[in-house]
Amino acid sequence: MNIEVRHELGDEGPKDAARQHLINPSEEMAKLGRSDRPLFTHADGIYVWDDAGRKLIDGPGGMWCTQIGYARREIADAIRDQAMTLSYNSPWYFVNEPAAELARRIAELAPGDLNHVFFTTGGSSAVDSALRFMQFYNNVLGRTNKKAIICRIDGYHGSTQLTAACSGRAWNRPNFDLASDQIAFISAPNTFRRPRGMSEAAFLDFLVEEFRSKVAELGPENVGAFLAEPLLASGGVIVPPKGYHKRILEICRQHDILYISDEVVTAFGRCGHWFASEDVFDIVPDIITFAKGVTSGYLPLGGLVISDAVLGRISGENAKGSFFTNGYTYSGHPVSCAAALANIDVISRDRILEHVRETAPYFQERIGSLRDLPLIGDTRGTGLLGCVECVTDPSSEQATKLDAEMALRVDRECYEAGLIVRPISNMCVLSPPLIITREEIDTIVGILGRSIEKVTNELRAEGRI
Ligand SMILES: Cc1ncc(COP(=O)(O)O)c(C=O)c1O
C-alpha cells in the first residue's frame, strides 16, 4: 500500500498499522481492526513507557519472563557479538558453542540426573516436544498404548495443537478442536476453591485419590505422562497443598508414568531457585520444560531437560534403530543461547536468586495485607508470583461476572496510576522483574490497594454490591 492511500485511511503510525494488520494473542474478534492495545515505546529496569508517555512498573514481568529487567547492556552485547560471530547453523547436522555450553550449564543447574537438554523456540514447543518425546519413548519401548496424558483443569501449557489440548483453562477452549481421548483432566489443586467445609489435608487426600482413580480408570498401561506446572500460573497462581507433587510422583513411579514438570514460568529464578521442582516442591521429575526466564525475554528460547534414567532406556543398545526426529530450524539457535548464557551470568553475578529469596517473603506479606480489603476473597503466591482475587459475592462458590469486571476495572485504575497488572478473570496477577526492591514492592501494593478501594467505592455508588 502506498503512503498516500495509507494517509487516506487515517494512518497515524504503528497503532493504526497494528489495528489494520496485526493479529494479537487473545484477539477479541468482534473488535478486530478497532482494538486499542497500548503501544510500548521503550523500557528500562522494571519500567516500560507507553506512547502516551506514561512510565509504568512492569507488574507481570512482561509475560512472566523479564527476570533481570530491561535494557541490560550485557545481554545486548552478547546478542550482538554472537550475531557477528555465528548467527545460525543447522542443528540437524552441526552444533554451536553457545548451545553446547548452555546445555552443560542447564544440566548442572537442573535437579537429579536431568542431564540432557533439547532446545526449542519457546514454552509451547518445549511442552509439545516433551509430550512427543513421551510418545516416542513408549513406542520404542514397545508400549504403543501407553500414551494418555493426565493434566489439570486451569493448567496452561501452550498454543500448539497438543499443548492447547492439555490446557484446562475454560476460556481458552471455545471454538477450537481440542477433544482427545488421549488427554484426561483432574481437578486444579486450588485450596481457595476447595469444597466448602473440607479441610486442606482432606482436600490434598481428595486430589491424590482423584489422580489414582484416573490412572485406574484409564488403565496404568495406557497412561504415558502426568503433565503439571509446579504452581498453576496462568490459571491464577494456584499453589498446591504441601506434599501434593510428591504424592502424585509416587503414584507415577508405581505405574512407570513419566512426570513432566512444566517450569516454563517457575524456572530461572521466579521462586528463588534455578528450578522450582526440587528446591521448592521437593520432587525430581523425569522431564522439566523451561522457556521465558531462560533469556529474561530478550530472545525466544525454550527447551526440556530429560533424566539419564529415562534416556538410558531408549538409547545406545536400547535404541532399536530409532531416531528422535522431532526438531526445529531454530533448535539451539546460537544467538538465543548466547543471550541465555549472558542472562545466567547476570543472575549469578548479581545474586538475583538470593535477592528473590530475601525479598519474596516481604512481597507475599505485602500482597497478603490486601486481604483485609472488603472485596478481596483471597491473596496468594510464592516467590515473586502473587495474585489477588476479587470476590464481590462471598456466597458464590465460583467467580462471578461482576468479580471479573471488578478485576478488570482495578487493573485499568492501576495502569492509570503507573502499574501494569495482569488481569486473569477475577484475579489481578503480579510477577515483577526479579530485581524489584522493597520500596518498589511498596509502590506496587500501594497502587493496587488504592485502585481496589476506588473500584469498591464505585461499585457501592453504582448500587452493585
Ligand atoms: C506453564 C506454561 N507452559 C507453557 C507456556 C507456553 O509458552 P509460550 O507462550 O512461550 O509458547 C506458558 C505460557 O505462558 C506457560 O505459562
Side-chain angles (χ1 to χ4, degrees), residues 14 21-25 40 42-43 62-110 114-133 136 158-163 262-264 267-268 274 287-306 311 315 322-348:
H21 301 291
L22 191 61
I23 301 175
N24 299 291
F40 289 162
H42 60 288
M63 194 73 171
W64 329 93
C65 63
T66 58
Q67 321 294 72
I68 64 170
Y70 296 93
R72 299 293 291 241
R73 174 68 54 198
E74 302 92 323
I75 311 294
D77 287 348
I79 290 171
R80 184 205 53 213
D81 290 350
Q82 187 58 43
M84 293 307 291
T85 309
L86 175 71
S87 54
Y88 180 75
N89 67 279
S90 162
W92 266 267
Y93 307 107
F94 312 104
V95 292
N96 63 66
E97 217 175 301
E101 174 59 10
L102 183 60
R104 191 182 66 78
R105 297 279 291 276
I106 291 175
E108 266 170 27
L109 303 174
L114 277 76
N115 281 322
H116 285 80
V117 183
F118 179 86
F119 287 117
T120 70
T121 51
S124 303
S125 52
V127 181
D128 200 87
S129 288
L131 295 172
R132 292 197 76 211
F133 174 81
F136 171 84
S159 272
T160 65
Q161 180 72 22
L162 187 53
T163 58
D262 182 357
E263 291 222 37
V264 164
F268 296 96
W274 292 109
I287 298 178
I288 292 179
T289 55
F290 62 85
K292 297 184 186 281
V294 67
T295 61
S296 280
Y298 279 81
L299 283 179
L301 182 66
L304 49 138
V305 206
I306 311 179
L311 280 172
S315 60
S322 61
F323 284 73
F324 183 57
T325 55
N326 181 72
Y328 304 96
T329 297
Y330 298 133
S331 284
H333 193 282
V335 184
S336 297
C337 292
L341 284 169
N343 179 50
I344 291 173
D345 285 345
V346 169
I347 294 176
S348 306

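As the structure is a computational prediction, the values presented were derived from the model and not from experiment.
Ile287 places none of its side-chain heavy atoms less than 4.5 Å from the side chain of Phe118. Counting heavy atoms from C-beta on, the side chains of Leu341 and Glu101 come closer than 4.5 Å. Residues Phe119 and Tyr330 have side chains not in contact (no heavy-atom distance under 4.5 Å, counting atoms from C-beta outward).
Here the shortest heavy-atom pairing between Ala71 and Ala43 reads CB-O, 3.7 Å. Of all heavy-atom pairs spanning Lys292 and Cys65, the tightest one is CB-CB, 3.6 Å. Taking both residues in full, the closest heavy atoms of Gly303 and Ala126 are given as O-CB, 3.4 Å, listed atom of the first, atom of the second, then distance. The two residues Pro334 and Gln82 come nearest to each other via the heavy atoms O-CG, 3.4 Å. Between Thr163 and Gly158, the closest heavy-atom pair is OG1-C, 3.2 Å. Ala291 and Gly123 get closest at one heavy-atom pair: CB-N, 3.4 Å.
Here CG of Asn115 is found 9.5 Å from CD of Glu108. Values are rounded to the nearest 0.5 Å. Taken to the nearest 0.5 Å, the NE2 atom of His333 stands 9.0 Å off from the CG atom of Leu86. Distance check, rounded to the nearest 0.5 Å: CG of Leu109 to OG of Ser348 gives 7.5 Å. The CG atom of Asp128 lies 5.0 Å from the CG atom of Leu162; values are rounded to the nearest 0.5 Å. Annotation: the span from Glu74 atom CD to Ile79 atom CD1 amounts to 11.5 Å, rounded to 0.5 Å. Atom CD1 of Ile106 and atom CD1 of Ile344 lie 5.0 Å apart (nearest 0.5 Å).
No donor-acceptor pair under 3.5 Å is formed between the side chain of Thr295 and the backbone N or O of Ala340. Ser336 places no side-chain N or O within 3.5 Å of a backbone atom of Leu299 that could act as its donor or acceptor partner. Between the side chain of Asn343 and the backbone N or O of Ile75, no donor-acceptor pair lies under 3.5 Å. Ser331 places no side-chain N or O within donor-acceptor distance of the main-chain N or O of Gly327, the cut-off being under 3.5 Å. A distance-only check finds no donor-acceptor pair linking the side chain of Ser125 to the backbone of Thr120 [under 3.5 Å].
Residues meeting the salt bridge (charged side-chain N to carboxylate O under 4.0 Å, His left out) test with Arg80, sequence neighbours left out: Asp77. Phe136 pairs by the ring-ring contact (aromatic ring centres under 6.0 Å, His included) definition with Phe324, not counting sequence neighbours.
Environment of CZ in Arg105: crowded, with over 12 heavy atoms of neighbouring residues, nucleotides or ligands closer than 6.0 Å. Surrounding OH of Tyr70 are more than 12 heavy atoms belonging to other residues, nucleotides or ligands, all under 6.0 Å away.
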Item to complete: Step by step, work out the side chain to side chain contact (heavy atoms under 4.5 Å, CB included) result for Val264 and Trp64.
Response: CA-CA 9 Å; Val264 164; Trp64 329 93; over 6 Å; no
Please set out all donor-acceptor pairs under 3.5 angstrom arising from side-chain atoms of residues 92-100, sequence neighbours excluded.
unit_1 : atom_1 : unit_2 : atom_2 : d
Asn96  : OD1    : Ala99  : N      : 2.7
Asn96  : ND2    : Asn89  : OD1    : 2.7
Asn96  : ND2    : Gly332 : O      : 2.9

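Side-chain atoms of Asp262 and Thr289 include a donor-acceptor pair closer than 3.5 Å.
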